[in-house]
Engineer: 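Can you keep this structure in mind? I'll have questions shortly.
The figures here come from the full heavy-atom set of this structure, side chains too, leaving out hydrogens, waters and symmetry mates. To find a chain, count down the sequence lines: A is the first, B the second, and so on, and within it residues start at 1.
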Amino acid sequence: MTNKLVLMDGNSLIYRAFFALPLLNNDKGVYTNAVYGFTTMLLRMLEEEKPTHMLVAFDAGKTTFRHATYKEYKGGRQKTPSELSEQFPILKELLTAFGIKHYQLEQYEADDIIGTLSKQARDKGFDVTVISGDKDMLQLVDETVTVNVTKKGISEVEKYTPSYMLEKMEITPKQIIDLKALMGDNSDNIPGVPGVGEKTATKLLKQYETIEEVYAHLDEVSGKKLKENLETYKADAFMSKELVTINRESPIDVTIDDAKYTEYQPSEVSGIFKELGFQSLLNKMTGEESVEEATVSLDEIDYTIVEEISAAMFTGKEAVVIEMLGENYHQAAIEGIGLVNDNAAYFIPTELAIKSAAFKDWAEDESKKKSVFDAKKTLVALLRHDIHIKGITFDMLLASYLLDPSENNLDIPAISSRMGKAMAKSDEEVYGKGAKQKVPETAVLSEHIARKANALYAIQPEMEALLEENEQADLLLDLEMPLALILGEMESQGVLVDKSRLEEMGVDLKERLANLEAEIYDLAGEEFNLNSPKQLGPILFEKLGLRAIKKTKTGYSTAADVLEQLENEHEIIPKILMYRQLGKLQSTYIEGLLKVVNKDTSKIHTRYNQALTQTGRLSSIDPNLQNIPIRLEEGRKIRRAFVPSEKDWIMFAADYSQIELRVLAHIANDEKLIAAFKSDLDIHTQTAMEVFHVEKDEVTSNMRRQAKAVNFGIVYGISDYGLSQNLGIPRKEAKSFIDRYFDIYPGVKQYMEDIVQEAKQHGYVKTIMNRRRYLPEITSRNFNLRSFAERTAMNTPIQGSAADILKKAMLDLDEKLKEEKLQARMLLQVHDELILEAPKEEIEKLKEIVPAMMENTVELIVPLKVDYAYGDSWFDAK
DNA sequence: TCGCGCACGC
DNA sequence: GACGTACGTGCGCGAG
């Protein structure tokens with residue numbers, strides 16, 4: 001067997017890892033992210049390369065022999081952050097535990113050590129693999145030396161062989177030196193020749209091979225400026241070449257034999273892993289179930305590519321996968337359909353399915369049971385081909401979401417592999433991602449889709465059993481799944497937008513923004529990019545000498561709460577605030593909305609994500625219709641553009657009043673809070689009366705504001721710190737507010753204590769409809785993590801139950817509208833409100849039905865209250 | 001392409 | 001006493 005030497009560029013890789021990963025620290029406050037990243041890479045190398053010899057090279061110190069040539073070498077570099085430098089010794093300790101040699105040499109860099117060792121090894125007939133984050137290393141590539149360069153952080157490497165280099169970079173390994181000599185390298189402060197970048201350098205080298213030859217034929221080089229620069233900076237070019245050339249004859253006092261590697265002892269390593277808090281690596285090493293399956297070997301699958309659809313194919317119980325690429329299913333094409341039942345697995349080409357009467361009959365037959373992944377997407381996709389799917393009895397996406405809402409890797413392959421059955425490749429593996437996403441050849445596509453349908457079919461019973469165990473079967477079957485269909489219809493229906501209104505507002509805003517901009521530049525005494533906080537900061541806090549109140553990672557904070565405190569100190573401030581407000585309207589709401597209006601229908605079709613939030617709320621994207629402005633009049637006018645889609649119809653909006661606090665009164669069973677809601681007084685005034693011990697008439701607007709903030713804080717689970725920020729008061733005062741609140745509402749206090757205990761005991765909290773949220777960090781020794789988990793424990797049942805209630809109300813209302821044969825239809829849901837459109841004649845009926853459905857969908861100890869309004873636009877429905 | 005700062009809603 | 005703050009989406013900037 002050939003010997004295999006793996007050489008790792010310690011410095012380069014640990015830097016990469018440090019910047020690629022969030023700044024994790026373990027429970028002792030020691031930063032470990034770079035070591036962690038390096039270790040994952042190391043483990044991967046050991047597994048993939050199976051080295052017989054291994055060595056990690058480090059840079060020795062500040063100065064190297066290269067500094068004698070050029071004292072500015074690596075000049076202008078940022079100092080290594082202490083969070084990183086403290087990780088070097090840890091890494092070396094870890095390497096020792098692995099039994100892996102590490103080495104550094106005064107005056108030389110890791111590159112030189114690697115260059116020298118790889119040469120020696122090659123001469124002894126070794127196979128060599130070098131791993132680095134630095135492309136300079138590519139000069140070492142030859143038939144026996146492969147160089148892996150990390151890309152995109154550290155999770156992937158690109159393997160460079162001589163042929164791959166020629167294909168990718170169009171030059172040979174040796175020419176890397178010449179390439180760098182010409183183009184320079186900013187990070188190492190290597191000058192190169194000005195005006196020569198990768199493109200030009202490659203062109204020159206393809207023609208002349210080396211810079212020596214380039215200069216020998218300088219008169220032939222085309223381009224006056226280029227020739228001039230080459231001439232002027234000739235010395236720099238040659239010096240650069242010297243600097244980037246790796247020394248392959250370094251005076252190292254380590255031999256290849258010293259790098260001999262035998263398999264590491266888990267017992268040696270596990271101690272350090274434990275100390276560092278590398279739980280996942282520990283699990284992996286000890287062979288426990290690991291989250292990421294390294295390689296999945298898939299069983300063979302038999303499936304038929306359907307040529308003609310017949311009713312006989314269907315048994316009445318099947319899994320069906322409508323495959324679409326691209327994220328917007330309102331627009332994306334169906335790539336193909338997978339169908340699996342007890343008898344067979346099929347791939348059905350899209351054209352065949354949508355033209356087939358047998359397929360439509362099957363899809364629309366309520367008695368034919370279907371399992372799907374993402375019922376809403378499936379519904380919408382088929383609706384676009386005039387097929388109204390019915391009989392969906394299982395949705396794997398929603399099932400998985402209910403089992404654990406924190407899971408964000410949600411597709412059939414990922415879910416099935418978590419359920420212990422790897423039955424399909426990941427979508428990313430099959431389709432690629434980002435710009436490179438594409439549909440593979442038919443054979444690959446059809447197999448993938450058939451596999452997914454197969455996995456869906458196979459795993460459904462196990463997921464149903466888990467839901468049953470959690471007492472969540474009803475939540476899926478009677479709440480989320482029917483809701484998915486309603487949401488799908490709402491999305492497909494869309495909401496009509498009066499584009500001309502938006503455009504008129506845009507014209508007006510444009511002018512006002514231009515004026516403000518000019519005034520601000522005038523006051524600042526210079527022009528700059530007003531949209532860049534990074535540029536605005538120094539203008540305000542250095543040039544104009546205003547007080548810097550808060551800092552961010554990247555400089556001064558210029559956030560609204562900071563600027564508001566400076567409002568009276570300089571007339572530029574209110575103008576900036578106004579500019580920001582109007583700029584937001586222009587970019588996000590005018591331009592942003594216009595971009596997503598369907599050209600043919602003038603409608604907007606948002607997408608609700610029903611399997612995302614940790615609390616059970618929906619979210620809305622493309623566009624987000626859940627954050628259309630309302631608080632400030634200026635922004636609220638945006639709502640004028642949302643209008644009914646038919647003549648003589650109106651927009652009808654209904655929202656719950658204080659639903660979260662009512663839910664809190666209910667689950668905390670707090671007498672005072674219950675009484676407050678039963679008397680139907682303004683809850684914030686009521687709270688103010690209690691907290692400040694005053695009569696109703698004595699409650700000032702300021703008292704009410706503070707009481708409101710405390711109520712708000714309780715509902716959203718913010719801390720005393722959060723409340724203090726909100727009210728602009730010291731934290732101590734905020735804390736005393738909260739304490740007084742708890743004195744008044746002891747039931748609430750009791751609930752907060754109990755729910756945290758419950759979370760500790762079970763590991764999760766739940767809503768009134770048994771939605772769960774797991775809180776593993778509730779037992780963390782880290783104060784922050786633990787506190788956050790505790791507040792989440794208090795908050796999630798409140799927010800989540802409120803979400804449950806509105807969801808159920810939507811089902812009830814939908815049914816009632818059908819029952820009453822009304823034309824009115826739901827269009828939007830915004831967490832505690834529903835927006836409908838309806839013919840004018842139905843207004844009276846809606847005034848009765850909508851609040852009644854919403855208020856009575858569940859029975860709590862306190863009444864639910866719904867306010868409603870209607871008008872010619874969403875704006876007017878207030 | 002990604003993280004950040006900022007801003008909008010509930 | 002720590003330390004940084006509910007749940008989301010989207011914009012423009014600026015570094016890689």
Side-chain angles (χ1 to χ4, degrees), chain A residues 16 19-20 22 25 29 78 133 151-153 186-187 405 433-435 528-537 550-563 576-577 579-593 595-596 606-609 612-632 634-636 638-639 655-656 658-660 712-726 731 734 773 781-788 790-796 798-800 802-803 806 828-833:
Chain A
R16 283 279 168 150
F19 290 110
N25 55 24
Q78 291 272 318
K151 61 176 195 183
K152 259 199 217 161
N186 245 331
S187 68
K433 67 169 179 182
F528 59 100
N529 188 339
L530 190 43
N531 288 318
S532 164
K534 200 180 162 210
Q535 293 184 37
L536 177 62
K550 212 163 57 172
K551 288 211 136 198
T552 66
K553 274 182 205 171
T554 50
Y556 304 104
S557 168
T558 65
D561 62 321
V562 171
L563 297 189
I576 292 170
L577 285 167
Y579 178 87
R580 285 247 177 98
Q581 191 196 328
L582 301 184
K584 176 79 179 174
L585 289 180
Q586 181 78 308
S587 67
T588 303
Y589 295 107
I590 303 287
E591 290 165 4
L593 285 176
K595 249 185 262 172
V596 291
T606 187
R607 274 157 24 242
Y608 291 102
N609 196 334
L612 184 133
T613 72
Q614 302 304 300
T615 54
R617 279 184 170 183
L618 302 175
S619 78
S620 151
I621 56 166
D622 243 13
N624 183 351
L625 291 183
Q626 293 183 319
N627 72 344
I628 303 300
I630 188 164
R631 271 184 41 249
L632 300 170
E634 199 75 50
R636 191 174 198 156
I638 298 281
R639 295 178 175 226
D655 70 298
Y656 282 110
Q658 304 299 346
I659 186 167
E660 277 104 349
F712 176 88
I714 296 288
V715 165
Y716 286 144
I718 63 173
S719 58
D720 50 5
Y721 182 89
L723 183 62
S724 77
Q725 291 294 300
N726 235 319
R731 207 181 70 191
R773 181 172 187 181
R781 284 160 315 284
N782 178 314
F783 174 86
N784 283 325
L785 295 180
R786 189 178 64 247
S787 304
F788 185 56
E790 287 171 358
R791 295 202 301 276
T792 308
M794 303 179 207
N795 160 250
T796 295
I798 304 174
Q799 256 207 51
L806 181 55
L828 304 174
Q829 192 256 42
V830 192
H831 305 313
D832 67 355
E833 87 178 293

Engineer: Once you round it to whole Å, what is the distance between P of B:dC10 and OH of A:Y716?
Structural biologist: 8 Å

Engineer: To the nearest Å, give me how far apart CG (A:D720) and P (C:dG1) are.
Structural biologist: 13 Å

Engineer: Are OP1 or OP2 of B:dG5 and a side-chain N or O of A:S532 less than 4.0 angstrom apart?
Structural biologist: no

Engineer: Does OP1 or OP2 of B:dG5 have a side-chain N or O of A:K550 closer than 4.0 Å?
Structural biologist: no

Engineer: Short of 4.0 Å, heavy atom to strand atom, which residues of residues 615-624 of chain A count as contacting DNA chain B?
Structural biologist: A:R617

Engineer: Would you check if the side chain of A:R639 reaches a backbone N or O of A:I628 as a donor-acceptor pair within less than 3.5 Å?
Structural biologist: yes

Engineer: Excluding sequence neighbours, so at least two apart, what forms side chain to side chain contact (heavy atoms under 4.5 Å, CB included) with A:R580?
Structural biologist: A:L536, A:T558, A:L563, A:I576

Engineer: For the pair A:S620 (side chain) and A:Y608 (backbone), establish whether a donor and an acceptor sit closer than 3.5 Å, ignoring hydrogens and angles.
Structural biologist: no

Engineer: Base, sugar-phosphate, or nothing for A:L612, non-hydrogen atoms under 4.0 angstrom?
Structural biologist: sugar-phosphate

Engineer: Ignoring hydrogens and geometry, is there a side-chain-to-backbone donor-acceptor pair from A:Q829 to A:H831 under 3.5 Å?
Structural biologist: yes

Engineer: What integer number of Å spans the P atoms of C:dG4 and B:dC4?
Structural biologist: 14 Å

Engineer: Let me know the distance between CG of A:N529 and P of C:dC11, rounded to the nearest Å.
Structural biologist: 17 Å

Engineer: Can you tell me, in whole Å, how much space there is between the P of C:dA2 and that of B:dC8?
Structural biologist: 32 Å

Engineer: What residues, two or more places apart in sequence or in another chain, satisfy side chain to side chain contact (heavy atoms under 4.5 Å, CB included) together with A:V715?
Structural biologist: A:E660, A:L661

Engineer: Is it the case that the side chain of A:R773 and the backbone of A:A793 share a donor-acceptor pair, with hydrogens and angles ignored and the cut-off at 3.5 Å?
Structural biologist: no

Engineer: What's the shortest heavy-atom distance between A:D561 and A:K550, and which atoms?
Structural biologist: OD2-NZ, 3.3 Å

Engineer: Can you tell me if the side-chain N/O atoms of A:S557 get under 4.0 Å from OP1 or OP2 in B:dC6?
Structural biologist: yes

Engineer: What residues from residues 582-592 of chain A pass a heavy-atom cutoff of under 4.0 Å to DNA chain C?
Structural biologist: A:K584, A:S587, A:T588

Engineer: Does B:dG9 have OP1 or OP2 under 4.0 Å away from a side-chain N or O of A:R631?
Structural biologist: yes

Engineer: Which dot-bracket string fits DNA chain C when only Watson-Crick or G-U wobble pairs with both atom distances under 3.5 Å count, crossing pairs get [ ], and | stands for a partner on a different strand?
Structural biologist: ......|||||||||.

Engineer: Is any side-chain N or O of A:S787 closer than 4.0 Å to OP1 or OP2 of C:dG4?
Structural biologist: no

Engineer: Restricting to ring-ring contact (aromatic ring centres under 6.0 Å, His included), what partner residues turn up for A:F712, sequence neighbours left out?
Structural biologist: A:Y716

Engineer: If you look at every strand shown and take non-hydrogen atoms under 4.0 Å, does A:Q614 touch a base, only sugar-phosphate, or nothing?
Structural biologist: sugar-phosphate

Engineer: For a quick test of reading the model: is some side-chain N or O of A:Q799 closer than 4.0 Å to OP1 or OP2 of C:dG8?
Structural biologist: no

Engineer: What integer number of Å spans the C1' atoms of B:dG9 and C:dC3?
Structural biologist: 28 Å

Engineer: With sugar-phosphate meaning primed atoms plus P, OP1 and OP2, does A:N795 contact a base, only sugar-phosphate, or nothing at under 4.0 Å between heavy atoms?
Structural biologist: nothing

